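Since the structure comes first, as structure tokens, the remarks are kept for the end.
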Amino acid sequence: MSLLLAPWTRLSLLVVLLAAAGVCVLLFEPQRLLSEGWPPGLPVGAAVLLFAGAYGVCTAALVPRPLLNLASGALFGAQFGLVAAVGGSVVGAGLSFGLGRLMGRDALRPLIRGRWLQAADEQLARHGFRSMLAVRIFPGLPFAVANYAAAMSRCGWLPFLLATAIGVIPNTAAYVVAGASASSPTSPAFLASFGFIAVSAVGAAVVAWRKRHHLVPAGGSARRTVPEHEPRTGPQPARQPLAIRELTPVHPPVVTAAPHGP
């Protein structure tokens, strides 16, 4: 029992579980839904819930979200597709976060030693909602990688899920609209959605470049040396070394008296 509860054993089980999920995705080919669609007798609400659950499992199995978002728009249209995709994103994020915390964190947590890793961990611990919201709004880091990486940090559950639910809406909506209007690629909706995707990708690159200096460990830049050419403020009296001051004899003041009278 102790061997099964060992951190590296649980991490190995997580890797095997993700690999098995990926194999299942390849074997069952969920992309067939795009051509076959849902069973005609299934209500739309039930289909949306089932798709959101499958969406979450697929994202936890490292399936790219853009493909799932396009499929959601193609199956349900813009409105119901957005609901299914956002719900599936939250489900998948929570599933990945929980698996990472339960099965991988104890093994990988001691490896967070580099300057950048420690700075990212500190940022997620102190500003979890704000940091995760920026990761979700500006694409760049893959969705599943961000989920499992956040699970290794000290970010809380509530900030993580709340930032995910809000932050994925803009880009998810763009992909869903593109999937819903894929049959007419020259339509304004399709062109606007892909234009937004391109602009958001460029914006993510610019923000990452400008914020790269913020990942500095606390106290890393507190020490500042004064260059030689920079004038020092205020007088700087010369001080002798302590040993010289102790060896220097201190003479009492000499008092001289002038003679009085003749």
Side-chain angles (χ1 to χ4, degrees), residues 10-11 13-34 36-39 42-105 128-129 132-133 135-137 139-153 155-180:
R10 284 180 287 159
L11 178 62
L13 291 176
L14 177 60
V15 174
V16 171
L17 181 62
L18 294 179
V23 171
C24 291
V25 169
L26 295 177
L27 292 178
F28 289 101
E29 298 180 354
Q31 64 271 16
R32 291 181 300 177
L33 289 173
L34 296 178
E36 299 176 1
W38 291 98
L42 188 65
V44 177
V48 168
L49 291 177
L50 289 176
F51 183 86
Y55 187 114
V57 174
C58 289
T59 54
L62 309 181
V63 176
R65 275 184 70 249
L67 299 178
L68 298 173
N69 293 333
L70 292 172
S72 181
L75 288 172
F76 303 108
Q79 296 181 356
F80 288 106
L82 180 60
V83 174
V86 172
S89 299
V90 177
V91 171
L95 183 60
S96 303
F97 194 81
L99 288 175
R101 280 283 170 91
L102 180 63
M103 305 181 68
R105 185 184 184 188
F129 175 79
M132 287 307 306
L133 187 64
V135 170
R136 300 308 192 192
I137 291 179
L141 189 64
F143 185 76
V145 175
N147 294 335
Y148 288 107
M152 302 302 117
S153 70
C155 182
W157 275 90
L158 182 59
F160 175 78
L161 293 178
L162 186 59
T164 299
I166 298 175
V168 299
I169 292 177
N171 284 281
T172 302
Y175 279 100
V176 168
V177 171

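No experiment lies behind these values; they were computed from the predicted model shown.
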Ignoring hydrogens and geometry, is there a side-chain-to-backbone donor-acceptor pair from R136 to I166 under 3.5 Å? no

Backbone N or O of A150 within a donor-acceptor pair of the S153 side chain at under 3.5 Å? yes

Of the non-hydrogen atoms in A178 and L70, which two are nearest, and what is the gap between them? CB-CD2, 4.0 Å

I'd like to know whether M103 forms a side-chain contact (heavy atoms from CB on, under 4.5 Å) with L13, so could you lay out the CA-CA distance, the side-chain angles of the two residues, the decisive distance to 0.1 Å, and finally the verdict. CA-CA 8 Å; M103 305 181 68; L13 291 176; 3.5 Å; yes

Does the S89 side chain pair with the main chain of A85, one donor and one acceptor, at a distance under 3.5 Å? yes

For A180 and A78 the tightest heavy-atom approach is CB-N, 3.9 Å

Side chains of C155 and M132 in contact at under 4.5 Å (non-hydrogen atoms): yes

Does any non-hydrogen side-chain atom of L82 lie less than 4.5 Å from one of N69? no

Hey, does T164 have a side-chain heavy atom less than 4.5 Å from the side chain of F143? yes

With a 4.5 Å limit on heavy-atom distance, are the side chains of L161 and F129 in contact? no

If I compare all heavy atoms of A61 with all of A21, which pair ends up nearest, and what's the gap? CB-CB, 3.4 Å

What distance do S96 atom OG and L14 atom CG have between them, rounded to the nearest 0.5 Å? 9.0 Å

Within-4.5 Å side-chain heavy-atom neighbours: F76 and V83: no

Nearest heavy-atom neighbours spanning S72 and G81: OG-O, 2.6 Å

Here the pair of heavy atoms bringing L95 nearest to A60 is CD2-CB, 3.7 Å

With sequence neighbours left out, what residues match F160 under ring pair (Phe, Tyr, Trp, His ring centres under 6.0 Å)? F97

In sequence, state the C-alpha distance, the side-chain angles, and the governing distance for L50 and L42, and then conclude on side-chain contact (heavy atoms from CB on, under 4.5 Å). CA-CA 10 Å; L50 289 176; L42 188 65; 4.0 Å; yes

Criterion side-chain contact (heavy atoms from CB on, under 4.5 Å) on V91 and Y55, from CA distance to verdict: CA-CA 8 Å; V91 171; Y55 187 114; over 6 Å; no

Measuring only between side-chain heavy atoms, which start at C-beta, is L62 closer than 4.5 Å to Y148? yes

Using a 3.5 Å distance criterion without hydrogens, assess whether the side chain of Y175 forms a donor-acceptor pair with backbone atoms of G73. no

For residues T59 and R65, is any side-chain donor paired with an opposing acceptor at under 3.5 Å? no

